[in-house]
Amino acid sequence: MNIAQIFKADTANGTGMRVSVFVSGCRNHCPGCFQPETWDFKYGQPYTKDLEDRIIEEVKKPFYSGITLLGGDPMEPENQEGIISLIRRLKSEVPGKTIWAYTGYTFDKDLVPGGSRFTEYTNEILKSLDVLVDGKFIQEQKILGLKFRGSANQRL
């Protein structure tokens, strides 16, 4: 897994002040995507133990409500092992912080057993999240006033 970027003190991708971790890799290639560079699985820097440590230390700061995982797409099969590693540490070392995730895939179709993005880690990831925003960004359904979503089809 690669990390495209980390936003500190982010207030746009979830409630409260958050650390937002943008993973690399997405096969949806939604027209109008605000970060098409993250489609490339090799974009950014490799996800390492050192980088994970730095993310955890940042989230520990008392002014953060939690972390948001987005991208790219954290639910691409190639990203799920790294995502669950981070989530397990967050749950252990920073209990009480919320975990949000954004995916272009749908909870009830793609992320269920037999779904196109289901892996051995999917259920544990989903059970660990406080909020999942699912569904592709659809430019024709873009509504600027939607809270925490880019298009009307996306669900919280």
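- Scanning for side-chain hydrogen bond (donor to acceptor under 3.5 Å, both in side chains) contacts around Y47 gives E52, with sequence neighbours left out.
- When all heavy atoms are compared, the tightest approach of F41 to N2 is O-CB, 3.6 Å.
- Counting only heavy atoms from C-beta outward, the side chains of F118 and S116 never approach each other to under 4.5 Å.
- Taking the charged nitrogens against the carboxylate oxygens, R88 and E93 have no contact shorter than 4.0 Å, which rules out a salt bridge.
- Aromatic ring pairs are classed by plane angle as parallel below 30°, tilted from 30° to 60° and perpendicular above 60°; the pair H29 and W39 is parallel.
- The closest donor-acceptor contact from the side chain of D130 to the backbone of I99 lies under 3.5 Å.
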Side chain to side chain contact (heavy atoms under 4.5 Å, CB included) between L156 and K147: does it pass, once the steps are laid out?
-> CA-CA 10 Å; L156 282 146; K147 271 198 148 185; 5.8 Å; no
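- Summarising the geometry, atom OG belonging to S20 is positioned 9.5 Å from atom CD belonging to Q5; distances are rounded to the nearest 0.5 Å.
- Panel note: side chain D40, backbone K42; a donor-acceptor pair is recorded below 3.5 Å.
- The pair D108-R155 counts as a salt bridge, with a side-chain nitrogen and a carboxylate oxygen less than 4.0 angstrom apart.
- I87 and L132 fall within the same hydrophobic cluster, defined by Ile, Leu, Val, Met, Phe, Trp and Tyr side-chain heavy atoms under 4.5 Å apart, directly or through other members.
- Neither side chain, S65 nor R18, offers a donor N or O lying under 3.5 Å from an acceptor on the other.
- Contact check for V23 versus M1: side-chain heavy atoms found under the 4.5 Å cut-off.
- At a threshold of 4.5 Å between non-hydrogen side-chain atoms, the residues P77 and R27 count as touching.
- Counting non-hydrogen atoms of neighbouring residues, nucleotides and ligands closer than 6.0 angstrom, the NZ atom of K109 reaches no more than 12 such neighbours.
- At a threshold of 4.5 Å between side-chain heavy atoms, the hydrophobic network of Ile, Leu, Val, Met, Phe, Trp and Tyr places F63 and I55 in one connected group.
- Linking ILVMFWY residues whenever their side-chain heavy atoms come closer than 4.5 Å, directly or via other members, places I83 and I56 in the same cluster.
- Note that CD of E78 and SG of C26 are 11.0 Å apart. Values are rounded to the nearest 0.5 Å.
- Between the side chains of Q154 and Y102, no donor N or O sits under 3.5 Å from an acceptor N or O.
- For the pair V21/L70, no side-chain contact is recorded, criterion being any heavy-atom separation below 4.5 Å from C-beta on.
- When atom types are taken as modelled, the side chain of N79 and the backbone of M75 share no donor-acceptor pair closer than 3.5 angstrom.
- In terms of hydrophobic clustering, with Ile, Leu, Val, Met, Phe, Trp and Tyr side chains grouped at heavy-atom distances under 4.5 Å, V131 and L111 are assigned to different clusters.
- Atom CH2 of W100 sits about 11.0 Å away from atom CG of L129, to the nearest 0.5 Å.
- Checked by atom type, the side-chain pair D50/T48 shows no donor-acceptor distance below 3.5 Å.
- The backbone N or O of S128 sits less than 3.5 Å from a side-chain atom of K91, completing a donor-acceptor pair.
- Y43 and F34 sit in two unconnected hydrophobic clusters of ILVMFWY residues. Membership requires side-chain heavy atoms under 4.5 Å apart, directly or through other members.
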Quick one: do F137 and N153 satisfy side chain to side chain contact (heavy atoms under 4.5 Å, CB included)? Show the steps, please.
-> CA-CA 8 Å; F137 171 74; N153 64 296; over 6 Å; no
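- Looking at D53 and R89, a side-chain N of the basic residue comes within less than 4.0 Å of a carboxylate O on the acidic one, giving a salt bridge.
- Heavy atoms only, all atoms of each residue included: I3 and S24 are closest at C-OG, 3.9 Å.
- Between T103 and L69, every side-chain heavy-atom pair lies at or beyond the 4.5 Å cut-off.
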I67/L86 under side chain to side chain contact (heavy atoms under 4.5 Å, CB included): CA gap, chis, key distance, verdict | CA-CA 10 Å; I67 190 168; L86 177 59; 4.1 Å; yes
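- Annotation for A12 and F148: closest pair O-CD2, 3.7 Å, computed over non-hydrogen atoms.
- Closest non-hydrogen pair, Y64 versus V59, comes out as CB-O, 3.9 Å.
- Between K97 and L90 there is no side-chain heavy-atom pair separated by less than 4.5 Å.
- Under 3.5 Å, the side chains of T68 and N13 contain no donor-acceptor pair of N or O atoms.
- A pairwise comparison of heavy atoms in A152 and I143 identifies CB-CD1, 3.9 Å as the closest pair.
- Between D73 and T38 there is no side-chain heavy-atom pair separated by less than 4.5 Å.
- A heavy-atom distance below 4.5 Å is not found between the side chains of R117 and T122.
- Closest of all the heavy-atom pairs between T119 and Q80 is OG1-OE1, 2.7 Å.
- With rounding to the nearest 0.5 angstrom, the NZ atom of K142 is 7.0 Å from the CD atom of Q139.
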